[in-house]
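Numbers restart at 1 for each chain; the letters A, B, ... are given by sequence-line order, proteins then strands.
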2 protein chains.
Amino acid sequence: MITNKNCIIRLSRYKNALYRLQALGFVKVFSDNLADSVGSTASQVRKDFSLFGISGNKKGGYQIDILLEKLNSILGKDQLQKVIVIGAGHIGSALMRYRGFEKEGIKILGGFDIDPAKINRNSVVPILPLEEVKAFIKAQGIKIAILAVPDIAAQQAVEMITGAGIKGVLNFAPLRLKDVEGCIINNVNLEIELENLIYFVNVEAKIK
Amino acid sequence: MITNKNCIIRLSRYKNALYRLQALGFVKVFSDNLADSVGSTASQVRKDFSLFGISGNKKGGYQIDILLEKLNSILGKDQLQKVIVIGAGHIGSALMRYRGFEKEGIKILGGFDIDPAKINRNSVVPILPLEEVKAFIKAQGIKIAILAVPDIAAQQAVEMITGAGIKGVLNFAPLRLKDVEGCIINNVNLEIELENLIYFVNVEAKIK
DNA sequence: ATCATATTGTTACTATTTTCACAATAACCA
DNA sequence: TGGTTATTGTGAAAATAGTAACAATATGAT
C-alpha cells in the first residue's frame with residue numbers, strides 16, 4: 001500500500017488537471033503535459049502511475065477518460081462522500097457554505113455546534129445541536145468529519161465522534177490532537193501555514 | 001539555509017507546545033517531552049535544533065524561555081506580521097474574522113474585493129475595493145497576502161499583488177498558481193486535503 | 001514491410017529525510 | 001572528590017522520495 005501522502009496529493013492534482021484538459025477538448029495526454037500542468041516531472045508522473053498499476057500506451061500517451069476513471073476510483077470519488085462539520089464558528093460556517101466541495105463529490109450533510117444560538121435546522125446545511133451528532137453519524141453512516149472548534153474543545157470532540165464511527169478527521173483546531181485508535185487525523189493549521197510562509201519569505205529576503 | 005518545509009513546520013509546533021508547557025508552569029524541557037507533545041521523536045527534536053544551532057544543557061535539557069526566544073526569532077515572530085486578504089467571500093471573510101492569527105502576532109490589516117457590495121471601510125478589518133490594493137500594499141509595506149478568490153481570478157490577482165510588493169502568498173484558490181518571480185506561493189487546497197483523508201481512510205478500511 | 005521516432009515503464013542512481021547509536025559531559029549523590 | 005546517571009549533540013546508517021536513463025515497443029512514414 002502506498003503511504004506517501006505527497007504521492008496521493010499529486011494524484012489529486014493530476015485528476016484536476018485532467019478535467020481541465022478534458023474541458024479544453026483533449027482526449028489523450030502525455031506524461032510531460034501532465035507534469036507541466038501540475039508542476040512536476042514526467043518521470044514522477046509515470047512513476048506515480050506505475051505505483052498504482054496505471055498504464056498508458058507506448059507512443060500514445062494516456063487516454064484521459066480512462067485515466068480519470070482510474071484516478072477517481074483510487075481517490076474514492078466513485079461515490080458521494082458524506083461529511084459533517086463540527087463547530088459553526090467563522091471557519092466552520094465558511095466551510096459549510098463553501099461551494100468547492102460539491103463539485104468534488106463531497107457533500108456536507110450537517111453542521112453541529114454546542115451553542116443553541118447557532119442551531120438552524122432549515123438552512124441549506126442544517127446546523128444541529130452537538131448532542132445529536134452521534135445519532136446523526138450512525139444514522140447516515142458518516143466516516144469523515146471536519147473539525148472547526150476552539151482548541152480546548154477539540155480533543156473531546158474527536159473522542160465523541162470517533163466513538164460514533166468517524167474514521168477520518170480534517171482538523172482546523174490549532175492544536176495537535178492525540179491519535180485516536182482507528183481514526184486518521186489530518187491537521188490544517190492556518191497559523192502554522194502562515195508562519196511557514198513568513199519564514200521562507202524572510203529567508204529569501206536574507207539571501208538577496 | 002534550511003529549506004525543509006516539514007522541519008520549519010515542526011519548529012512552529014515546538015513553539016506552540018512550549019507555550020503550553022510554560023503555561024503549565026514548566027521552566028525547562030527535555031527533547032523527549034517535546035517530542036511527545038508534538039508527536040515526533042527525541043532525535044528529531046535534537047536534530048532540528050542542531051540544524052539551527054540551538055543547544056541545550058547536557059543532563060539539563062532546554063530552558064523554555066530561551067528556546068522560545070530562539071524559535072520565535074527563527075520564525076520571524078519578533079515583529080508583528082502584517083497581512084492582507086484578497087477576496088471577501090466565505091473563506092476570505094472567515095479568515096478576516098478568525099481570532100487565531102492575532103495571538104500569533106499576525107495582523108490582518110485589510111480585505112479586498114472586486115464586488116462593491118462587499119466594501120465596508122468601517123468593519124474591524126476594513127474591506128476595500130480591489131483597485132486600492134496596490135497602493136495599500138505599498139503604503140503599509142505588506143509582504144504577505146492570503147488569496148481567497150475564485151479559481152479563475154487567482155492568477156491575475158497574484159500578478160497584481162506581487163507587482164506591488166507581495167513576497168509570499170497563502171493561496172486558498174483550488175488551483176495551482178504559476179510561480180511568480182520573487183514570490184513564494186503556499187497552497188492550501190481544501191478539496192485535496194479532504195480527498196487525501198478519504199484515500200487513507202479507505203486504505204485503512206481495506207486493510208482490516 | 002521496414003525504418004525512424006516518440007513515449008512508456010522500470011530499474012538504477014541520487015538526494016533527502018529520519019532514525020539510530022553512542023561519545024561527551026553536566027548534574028547529582030555519597 | 002569520584003563515581004554514576006541522564007541527557008545532549010552529532011556522525012553514521014537506514015529509509016524514503018525523487019530523478020535520470022534507457023530498453024521495450026507502438027505508431028506512423030516511406
Asks: Working note: B:Asn171 + B:Asn187, criterion side-chain hydrogen bond (donor to acceptor under 3.5 Å, both in side chains); need CA distance, chi angles, decisive distance, verdict.
Replies: CA-CA 5 Å; B:Asn171 173 40; B:Asn187 294 286; 2.8 Å; yes
Asks: Any sub-3.5 Å donor-acceptor pair from B:Asn33's side-chain atoms to B:Phe30's backbone N or O?
Replies: yes
Asks: Using heavy atoms to find the nearest nucleotide of DNA chain C for A:Phe30 and B:Thr3 separately, return the residue whose nucleotide is more 5′.
Replies: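 Closer to the 5' end of DNA chain C: A:Phe30.
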Asks: Distance-only, no hydrogens or angles: does the B:Gln81 side chain make a donor-acceptor pair with backbone N or O of B:Gly105 under 3.5 Å?
Replies: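 Not a single qualifying donor-acceptor pair exists.
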Asks: Hey, where on DNA chain C does chain A first and last touch, going 5' to 3'? Cut-off is any atom under 4.0 Å from a heavy atom.
Replies: C:dT5 to C:dA12
Asks: Find the distance B:Leu34:CG to D:dG9:P and express it as a whole number of Å.
Replies: 13 Å
Asks: How long is the line joining CG of B:Asp48 and P of D:dG9, in whole Å?
Replies: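 In whole Å, D:dG9 P and B:Asp48 CG are 13 Å from each other.
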Asks: Could you please name the option among D:dT27, D:dA20, D:dG18 that lies closest to any side-chain atom of A:Ser43?
Replies: D:dA20
Asks: Any ion pair linking B:Lys167 and A:Glu204 (charged N to carboxylate O, less than 4.0 Å)?
Replies: no
Asks: Can you tell me how far P of D:dG11 sits from CZ of B:Arg46, to the nearest Å?
Replies: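 Rounding to the nearest Å, CZ of B:Arg46 and P of D:dG11 are 14 Å apart.
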Asks: What is the separation between atom CZ on B:Phe52 and atom C1' on D:dT10, rounded to the nearest whole Å?
Replies: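 Atom CZ in B:Phe52 sits about 17 Å away from atom C1' in D:dT10.
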Asks: Quick one: is D:dT10 close enough that its OP1 or OP2 comes under 4.0 Å of any side-chain N or O from B:Ser50?
Replies: yes
Asks: Considering only heavy atoms from C-beta outward, does the side chain of A:Ile166 approach that of A:Lys143 to under 4.5 Å?
Replies: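 No, too far: nothing below the 4.5 Å cut-off.
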Asks: Using a strict threshold of under 4.0 Å (side-chain N to carboxylate O), is an ion pair present between B:Lys15 and B:Glu104?
Replies: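 Looking at B:Glu104 and B:Lys15, the cut-off is met.
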Asks: In terms of side-chain heavy atoms of B:Lys47, which of D:dT7, D:dG18, D:dG11 is nearest?
Replies: D:dG11
Asks: Give the rounded distance in Å between these two atoms: NZ of A:Lys5 and P of D:dT16.
Replies: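 Whole-Å distance recorded here is 18 Å.
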Asks: Would you please indicate if the ring centroids of A:Phe52 and A:Phe49 are separated by under 6.0 Å?
Replies: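 Not under 6.0 Å, so no.
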Asks: In this structure, how many angstroms lie between the P atom of D:dT7 and the NZ atom of B:Lys58, rounded?
Replies: 14 Å
Asks: Closer to the 5' end of DNA chain D via nearest nucleotide, is it A:Asn57 or B:Gly61?
Replies: B:Gly61
Asks: Specify the separation, in whole Å, of atom CG of A:Asn4 and atom P of D:dA15.
Replies: 17 Å
